[in-house]
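The structure under discussion appears below in the form of structure tokens.
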Amino acid sequence: MAKRRILKKEISYVAGELFSEVLVCKLFIPGVEEDKADVLMIRILDM
């Protein structure tokens, strides 16, 4: 069971990092489609 707990923590960490990357791309990189970034962030939060 400890392995499952560790795996869940790792997935949560990676999802947080991915969310941060998408947010930075959306805010600071010109030409990023904001609608697609929003959908991606919502999907990450639903995990």
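Just the heavy atoms: all of them, side chains too, but no hydrogens, waters or symmetry mates, feed the values below. Keep in mind that this is a model prediction, so the values were computed, not measured. Residues take their numbers from the sequence shown, with the count starting at 1.
Put simply, the side chain of Ser20 gets close to the backbone of Gly16: a donor and an acceptor are under 3.5 Å apart.
Val24 and Tyr13 are not part of a single hydrophobic cluster, where members link through side-chain heavy atoms under 4.5 Å apart.
For Ile29, the side-chain contact (heavy atoms from CB on, under 4.5 Å) partners two or more places apart in sequence, or in a different chain, are Cys25, Val32. Residues satisfying the side-chain contact (heavy atoms from CB on, under 4.5 Å) test with Lys26, not counting sequence neighbours, are Glu34, Ala37, Asp38, Met41. Every side-chain contact (heavy atoms from CB on, under 4.5 Å) that Ile44 has, sequence neighbours left out, goes to Ala15, Leu18, Phe19, Val22, Leu40. Not a single salt bridge (Lys or Arg N to Asp or Glu O under 4.0 Å) links Glu10 to another residue, sequence neighbours left out.
Within the structure, no pair that satisfies the salt bridge (Lys or Arg N to Asp or Glu O under 4.0 Å) test touches residues 11-24, not counting sequence neighbours.
The other members of the hydrophobic cluster of Met47, by chain and number, are Leu7, Ile11 (side-chain heavy atoms under 4.5 Å, ILVMFWY only). Grouped with Val39 in a hydrophobic cluster is no other residue, since no side-chain heavy-atom contact under 4.5 Å to another Ile, Leu, Val, Met, Phe, Trp or Tyr is found.
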